[in-house]
Amino acid sequence: MPSTSETGNTFNNPVIPGFHPDPSICRAGADYYLACSSFEYFPGVPVFHSRDLVHWTQIGNALDRPGQLRLPPGTPSSGGIYAPTLRHHDGRFWLIVTNVSGDGNLLLTATDPAGPWSDPVRLPGVHGIDPDLAWDDDGNCWCTYAGVGQVRIDPHTGETLGPPRRLWSGAPGAKAPEAPHLHQIGDYWYLLIAEGGTERGHAVSIARGRTPTGPFEPCPANPILTHRGTDHPIQNTGHADLVQAPDGSWWMVLLGVRPRGGTPGWHVLGRETFLVPVDWVDGWPVVGALSPVMPAPPWPLQRPAMTPGRDDFDQSELAPYWISPRHRSAQDCTTKEQPGRLTLRARGGSLDETDVTFVGRRQQHLSCRVRALVDTVEGQGGLAVRLDEQHHYDIEASSAEVRVHARVGALNAVEASRPAASGPVILRIDVTAVHTVKDARTGPDTIAIGVEEPDGTFVELTSLDGRYLSTEVAGGFTGRVIGMFASAGSVHFDWFDYEPLDD
Ligand code: 6LW
């Protein structure tokens, strides 16, 4: 689904739209790889591949076996997996990440970043989120983490070798020095960090030293990137990583958000991954202007198929973009029971609870249409737009009725209903973003929910304000996920179609 507004001379930001925060990037020859946070979702840590830095294809998830990713049923939304670092070193790929809901810091390796990834090694001596990995010329492996602290580790066993040390806290008084990435570039070791918190105060700063352990001298131009206090269409910019292209140019990937609607602006797709060029002046990086449309890099842009819009459930395994809160098993989610259909079996919980049978994909476009053909002869279920247990809209079909629910914090209401027609039904959700960013009266988008007649006519049952499914209302670190659920018995889905619309 390449965007229609992209030309040969430009590319569109974000380069990985939808809830894909905390990007970490590395290059192996002509191939770039990137990993993101995944929080309460299974499988965890989406891994992407690109040949041009602009177009990315998801090739897997680093944590795709239950033994690698333990998210107990009570794991809160926005708990779980935080902020990976992905590196290529010594002919292998290395990934270090934190499970804040149990296992702490984890280190995995793979020869192919598409997987399989190893079982994780635990790092009980590393006490901080956002762990980074860097090897010096003597082969020492340095793990640097939020705070900003550092400890030498044995990456094979996870043991710490020596005491932890504090390295740098960013600007005096700035909160949350985090997301460190340590890079050896030329004569210096550069310590890139985020500071100010992941909301409107977010920023990227850097310091440099002659050794990986410092001392570190802050860049006089810090923060080297921030959109604080501006009207920029991309906000909350921070949590960055650096990569060098084969032609010698440098690039930064980072997270940002795209608020829409009136004050304060609501962002609904979570924190997305953006790309921006970097120049070097006097041994310091100077970050180029970050905008929704950017000058293209000086190499041919590939155009791989992005996440496909439609799934007919003809494969025996689900594609890597399908995610489920906390847990998924062949007992409650399978394409093998009825060929060409996804069967979901209700585990018992509703969308309001943590133990729910739900399979979805990230909403990646400000406007989109989602449809699914649902057979509820053996159960009850449907389509939902989910931010977390307390913030979701859904349309649920049973043999008797089709109902639209809205859950917003403590409020839980049936918004509309109608008797069910006999046989399978096409459920449909149209998300339409507002055009004007500044109209004080509007939310970011409207979410129209209903059923589609066999001739394609949309029978809208209700239209809801999208602001209540935004991070500004719900809090947390994720973004909207749209998908299928079963609330009773077994529900069969013939297909699921996600169509980006112009916004
Ligand atoms: C992550 C921290 C942050 O660990 O948010 O934006 C936290 N940065 O670095 C969760 O994504």
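Remember, predicted model here, so these are calculated numbers, not experimental data. Indexing begins at 1, ligand by ligand and atom by atom, following the structure's order.
- Against a heavy-atom cut-off of under 4.0 Å, Ala83 is close to the following atoms of ligand 1: 4 (O).
- A donor-acceptor contact under 3.5 angstrom links the side chains of His392 and Asp352, judged on distance only.
- Here the closest non-hydrogen pair linking Thr478 and Thr471 is O-OG1, 3.6 Å.
- A side-chain contact (heavy atoms from CB on, under 4.5 Å) with Arg200 is found for one member of Thr230, Val257, Thr226 and no other, namely Val257.
- With sequence neighbours left out, Phe274 forms a ring-ring contact (aromatic ring centres under 6.0 Å, His included) with no residue at all.
- Neither the backbone nor the side chain of Thr98 comes within 4.0 Å of ligand 1, counting heavy atoms alone.
- Counting the atoms of ligand 1 from 1 in the order shown, those under 4.0 Å from a heavy atom of Leu255 are 6 (O).
- The atoms of ligand 1 that sit less than 4.0 Å from any heavy atom of His202 are 6 (O).
- The cationic group of Arg210 lies under 6.0 Å from the six-membered ring centre of Tyr188 and within 45° of the ring axis, placing it in a cation-pi geometry.
- For Ser37, no nitrogen or oxygen atom sits less than 3.5 Å from a nitrogen or oxygen atom of ligand 1, counting backbone and side chain alike.
- Nearest protein heavy-atom contact of atom 8 (N) of ligand 1 is His239 ND1, 3.2 Å.
- Residues Glu389 and Ser77 have side chains that bring a donor and an acceptor to within less than 3.5 angstrom of each other.
- Residue Ile129 approaches ligand 1 through these ligand atoms, each under 4.0 Å from one of its heavy atoms: 4 (O).
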Next item on the list: Please lay out, stage by stage, how His88 and Trp135 fare under the test ring pair (Phe, Tyr, Trp, His ring centres under 6.0 Å).
Entry: CA-CA 11 Å; His88 185 238; Trp135 284 263; over 10 Å; no

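- Among all non-hydrogen protein atoms, the one lying nearest atom 11 (O) of ligand 1 is Asp22 OD2, 2.5 Å.
- Closest to atom 6 (O) of ligand 1 among all protein heavy atoms lies Thr198 OG1, 2.7 Å.
- A donor-acceptor contact closer than 3.5 angstrom is absent between the side chains of Asp445 and Thr432.
- For atom 4 (O) of ligand 1, the closest non-hydrogen atom on the protein side is Asp130 OD1, 2.5 Å.
- For Phe39, every heavy-atom contact with ligand 1 shorter than 4.0 Å involves the side chain, none the backbone.
- Between Thr273 and Cys36, the closest heavy-atom pair is OG1-SG, 4.0 Å.
- Among protein heavy atoms, atom 5 (O) of ligand 1 sits closest to Arg271 NH1, 3.2 Å.
- Looking only at protein heavy atoms, the nearest one to atom 3 (C) of ligand 1 is Glu178 OE2, 3.6 Å.
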